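Source: prediction; values computed, not measured.
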Amino acid sequence: MYCEAFCVAIQGIEGCMVHVEADISDGLPCFSMVGYLASEVREAKERVRISLKNSGYRIPPKKITVNLSPADFRKEGTGYDLAIAASVLGAFGYFPGEYLKNGILIGELSLDGQIKAISGVLPMVYTALERGYSYCVVPMDNLAEAQMVKGIKVIGVSSLAEVVACYQTEPDRWESSSPVSPEVGFREEQLDFKDIRGQAVVKRAVEVAVAGRHNILMVGPPGSGKTMIARRIPGIMPPLSFAEQMEISKIYSVSGLLDEKHPLVTSRPFRSPHHTVPQTALVGGGRYPKPGECSLSSGGVLFLDELPEFQRQTVEVLRQPLEEGYVTVSRLEGSYRYPAKCQLVAAANPCLCGFYPDRKKCTCTSAQIRKYFGRISTPILDRIDICTETIPLEYGDLDCKTTEESSDTIRKRVMDAQKIQWERYQHEPYRYNSQLTVAGIEQYCVMEPQAKEYLQDIFQERSLTARGYHKIIKVARSIADLEQSEQIRYAHVCEAVCYRQLSQSRL
């Protein structure tokens with residue numbers, strides 16, 4: 001007796017179909033499983049056997065062999081339990097085995113036959129839709145998450161008995177489970193820029209950075225508003241498109257951060273890891289690879305507060321993700337690719353005590369100041385497009401009754417600038433100015449003669465690297481887009497150069 005079922009394995013944030021085969025034959029009674037299995041998958045035979053018994057299904061003493069294919073990659077996790085149990089039941093004739101061919105089964109079994117939720121259901125269901133399967137059987141606690149994928153029938157179940165009851169009829173006659181009414185989505189509290197007093201130069205720099213998706217570094221004394229400004233950046237970013245919501249939600253799903261009430265990420269992520277974070281937690285990986293902070297902040301903001309306090313080798317691993325927008329983790333079992341399309345926002349004190357250049361408060365020597373900021377490597381600084389300084393506020397700034405610009409007002413200008421970029425780059429593989437290639441700069445960054453001459457003088461005077469030269473042009477292109485100017489003018493280049501002065505002076 002033979003029966004087959006299907007489930008999905010997760011590699012990175014993408015799904016891979018797994019074919020589960022069960023064969024019942026005469027011989028010494030045993031339950032064996034093959035197919036390059038991790039320990040938690042091998043243990044499934046005990047969970048399945050006891051779950052079947054406690055659910056009231058009698059299993060005759062036969063030789064049971066279960067194979068999970070393809071056998072060239074390692075199967076991990078507990079999401080295969082339900083498919084294994086269904087294939088065994090189908091092989092024993094509890095329902096027609098052909099009913100299992102057009103759908104996938106996902107879920108972990110408890111010993112009493114209940115079906116538990118698992119991580120990664122969203123990309124699993126999405127994979128089933130792409131592969132042409134007609135239905136998915138998922139744990140009831142994962143139902144809201146699975147229903148985010150449209151175009152496929154989703155059945156929520158709580159126990160093994162419910163699954164068998166469903167398969168007493170043809171799956172074509174099934175109806176999708178009633179839609180679950182989740183909360184608004186996985187959202188962070190949106191803070192408003194109108195709460196920020198003063199710091200007009202920094203707020204302008206942040207607006208330019210968001211308009212072109214440029215990385216930005218803010219340097220200033222403690223309490224000058226660096227963290228407050230950073231936390232409000234997601235509020236001036238455009239709303240997520242559905243495609244972006246799905247990609248980010250896949251990352252959160254495989255990380256186990258989605259739940260029944262929040263099955264979809266609907267707002268821009270903001271992640272702020274502590275400076276003691278290890279490399280694998282920042283970019284992903286580990287013995288069993290998982291997305292890191294730069295992937296969890298994809299589509300949003302990765303905020304590194306007190307950047308010089310981070311371990312230098314930890315920050316260095318951000319080089320490739322900042323350039324390519326992806327993290328590739330290689331293991332013997334294969335490679336895992338995670339999106340990392342985040343905008344880096346960093347903050348730093350100007351010295352160890354934090355009060356330089358105010359010599360009334362700062363007691364650091366020149367050597368200490370250079371050493372402190374020197375903890376940030378030149379290659380990392382070179383990848384930061386915009387550097388700006390916050391200044392200590394006066395009492396008048398805090399007591400001022402003037403109404404500051406709200407996040408909604410700034411977001412409208414940002415969206416107008418990004419709309420120009422989307423239309424300009426509609427036939428290109430990139431969408432934002434920060435992603436421009438050298439060929440793209442030559443084609444889309446046309447400067448007036450005065451701006452070109454000024455940039456040539458700056459390049460020679462400051463001995464810019466090629467990357468630094470291109471960064472200035474990209475930032476100037478974003479400034480021009482905010483002003484809806486087709487040509488990059490002298491004033492745009494001057495402002496872009498100002499955003500590199502701090503970087504150059506600290507090197």
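Stacking of Lys75 on the aromatic ring of Phe73 is recorded, both the 6.0 Å distance cut-off and the 45° axial limit being met.
More than 12 non-hydrogen atoms from other residues, nucleotides or ligands lie less than 6.0 angstrom from NZ of Lys153. Other residues, nucleotides and ligands contribute only 12 or fewer heavy atoms inside 6.0 Å of the CD atom of Glu175.
Neither side chain, Gln11 nor Tyr336, offers a donor N or O lying under 3.5 Å from an acceptor on the other. Inspection of the Ser253 and Glu145 side chains reveals an N or O donor paired with an N or O acceptor under 3.5 Å. When only modelled atom types and interatomic distance are considered, Asp408 and Ser406 share no side-chain donor-acceptor pair under 3.5 Å. A side-chain donor from one of Asp305 and Thr227 sits under 3.5 Å from a side-chain acceptor of the other. Residues Gln320 and Tyr326 have side chains that never bring a donor and an acceptor to within less than 3.5 angstrom of each other. Side-chain polar atoms of Tyr425 and Asn433 form a donor-acceptor pair below 3.5 angstrom. Side-chain atoms of Ser298 and Ser295 include no donor-acceptor pair closer than 3.5 Å.
Here the two rings, on Tyr99 and Trp174, have centers that are 6.0 Å apart or farther. A distance below 6.0 Å separates the ring centres of Tyr57 and Tyr94.
Atom CZ in Arg49 sits 14.0 Å away from atom CD1 in Ile84 (nearest 0.5 Å). Rounding to the nearest 0.5 Å places OH of Tyr126 at 6.0 Å from CE of Met246. Residue Ile410 holds its CD1 atom at 11.0 Å from CZ of Arg232, rounded to the nearest 0.5 Å. Residue Glu207 holds its CD atom at 11.0 Å from CD1 of Ile216, rounded to the nearest 0.5 Å. Separating the CE atom in Met33 from the CZ atom in Arg42 is a distance of 10.0 Å, to the nearest 0.5 Å.
Among pairs with a residue in residues 308-319, those fulfilling salt bridge (Lys or Arg N to Asp or Glu O under 4.0 Å) read Glu309-Arg375, Glu316-Arg319, at least two apart in sequence or across chains.
Residues meeting the side-chain contact (heavy atoms from CB on, under 4.5 Å) test with Ala165, sequence neighbours left out: none.
With a 4.5 Å cut-off on side-chain heavy atoms, Thr437 and Tyr430 count as touching. Between Lys341 and Pro321 the shortest side-chain heavy-atom distance does not fall below 4.5 Å.
Although no hydrogens or angles enter the test, the distance criterion places a donor-acceptor pair under 3.5 Å between the side chain of Tyr252 and the main chain of Leu296.
Using a 4.0 Å cut-off between charged side-chain N and carboxylate O, Lys45 and Glu43 make no salt bridge. Salt bridge present: Arg383 and Glu323 bring a charged side-chain N and a carboxylate O closer than 4.0 Å.
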